[in-house]
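First comes the structure, then the notes that go with it.
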Protein chains: 2
Amino acid sequence: MRLNSQDIHTRFRRHAVRVTRQRAAIYQALAETTSHPTANELYQTVKRQHPMISRNTVYYTLGVLRQAGLVQEVNVGHEVARFDGNVTVHHHLICLGCSQIVDVMDEALNQLAVSDGQARGFRILGHRVEFHGYCAGCQRAKLDAPQRSRQEH
Amino acid sequence: MRLNSQDIHTRFRRHAVRVTRQRAAIYQALAETTSHPTANELYQTVKRQHPMISRNTVYYTLGVLRQAGLVQEVNVGHEVARFDGNVTVHHHLICLGCSQIVDVMDEALNQLAVSDGQARGFRILGHRVEFHGYCAGCQRAKLDAPQRSRQEH
DNA sequence: TCTCTATCTAGGAATGATTCCTACATAGCA
DNA sequence: TGCTATGTAGGAATCATTCCTAGATAGAGA
Ligand SMILES: [Mn+2]
Ligand SMILES: [Mn+2]
Ligand SMILES: [Zn+2]
Ligand SMILES: [Zn+2]
């Protein structure tokens, strides 16, 4: 979602976050994509408008925005951290082939609970569901692969 | 679950995994705990019986066992990798206070699916559910904390 | 509008989990 | 039992993330 700088300013101030050009650009970049970028990808994107920005600022800002609840961290397996500007409750579909992450909004998934017998006295505040599989593109690539290797001989 | 070395030998060979003392010890350590240890914790444990073992062997072995399907990797947020000797389908409860991971076996959770509308052409092979909250101990610690800070004044 | 200070930023160094490299050892097939 | 593909130890390398610090600046208050 495209946000103008006034929107961002209001949203930041509502969460007591100081507004700087760098922060606005980082948040902007995250808000207008659904691709769950890494800190480094955000750095590369923001660097086009702010050539002097440092990686440290990107990490620090993501930490600030996360604590303010404006951003969330998403983790695929044990790969590098990925970030999500969508802080509504939702879940993810992860491609084992190309690592892409796709949002899943499904009210039923938001209602999951653990039976008391299994809860072991935990007070549960939330949960996260990850579906693992292959995207349409990667399924096609797999079908094509044997044909290609035949041609290689 | 305590396994004798014959059990381990049989299990390894069934999966075409070569048997070495180091591997058996690593697998043993993992099989007899429910605590989802890190590679380094396994290294420390196994080192008691095998003082010369290297961390590299632990990592390499965990990779081999994982590919053989004898072990799985569990990831809590973005912390260090944790390993699980329980390869049956199950899910986890994670304490935000002390990071402990507790198994949840719940048939209903194993049946989750994504609606076709949301699946975006993915072929889904599996899923993982993480519940986040505070364990009984950490809930108590939180209640005690304000009292302690009152005393501190 | 101006001032003051807590907080930010840039840049570079440090950290630490994991992977890479390599020479020697060994599991297990035949 | 011998042979060879594979495993092991140990050290170096990698690289995402965090730490440190000196100069900049947002924004609260006057
Ligand atoms: Mn998302
Ligand atoms: Mn488990
Ligand atoms: Zn894919
Ligand atoms: Zn706890």
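Here is the naming used below: chain letters follow the sequence lines, and residue numbers restart at 1 for every chain.
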Nucleotide N/O of nucleotides 28-30 of chain D paired with protein N/O under 3.5 Å:
unit_1 : atom_1 : unit_2 : atom_2 : d
D/dA28 : OP1    : A/R13  : NH1    : 2.6

request  = Report yes if a side-chain nitrogen or oxygen of A/Q22 is closer than 4.0 Å to either non-bridging phosphate oxygen (OP1 or OP2) of C/dA10; otherwise report no.
outcome  = yes

For residues 18-26 of chain A, which side-chain N or O atoms pair as donor and acceptor with protein atoms under 3.5 Å away, sequence neighbours left out?
unit_1 : atom_1 : unit_2 : atom_2 : d
A/T20  : OG1    : A/R23  : N      : 3.1
A/R23  : NH1    : A/R18  : O      : 3.0

Members sharing A/Y59's hydrophobic cluster, built from side-chain contacts under 4.5 Å between Ile, Leu, Val, Met, Phe, Trp and Tyr, are none

Regarding the side chain of A/R18, the nearest nucleotide among C/dG28, C/dA6, D/dT8 is C/dA6

In short, ring-ring contact (aromatic ring centres under 6.0 Å, His included) pairs touching residues 71-115 of chain B with sequence neighbours left out are B/H36-B/H92, B/H90-B/H92, B/H91-B/H127

Across all chains, not counting sequence neighbours, the salt bridge (charged side-chain N to carboxylate O under 4.0 Å, His left out) partners of A/R2 are A/E32

Residue pairs passing the salt bridge (charged side-chain N to carboxylate O under 4.0 Å, His left out) test with at least one member in residues 59-83 of chain B, sequence neighbours excluded, are B/E41-B/R82, B/R66-B/E73

message = Any side-chain N or O of A/T20 below 4.0 angstrom from OP1/OP2 of C/dC8?
response = no

When rounded to whole Å, the CZ to C1' distance for the pair A/F12 and D/dG27 reads 15 Å

Using a 4.5 Å side-chain heavy-atom cut-off and chaining through intermediate ILVMFWY residues, the residues clustered with B/L125 come out as A/L96, A/Y134

Rounded to 10°, the angle between the first-five-pair and last-five-pair axes of the helix from C/dT1-D/dA30 to C/dA30-D/dT1 is 50°

The contact string for nucleotides 18-23 of chain C, one letter per nucleotide 5' to 3', using protein heavy atoms under 4.0 Å with B, S and - for base, sugar-phosphate only and none, comes out as BBBB--

Distance below 4.0 Å between B/R21 side-chain N/O and C/dT26 OP1 or OP2: no

Applying ring pair (Phe, Tyr, Trp, His ring centres under 6.0 Å) to B/F12 and not counting sequence neighbours gives B/Y27

Residues 104-125 of chain B vs salt bridge (charged side-chain N to carboxylate O under 4.0 Å, His left out), sequence neighbours excluded, gives none

Rounded to whole Å, the NE2-P distance (A/H50 to D/dT25) equals 13 Å

Here the side chain to side chain donor-acceptor pair (under 3.5 Å) pairs for residues 42-54 of chain A, sequence neighbours left out, are A/S54-A/T57

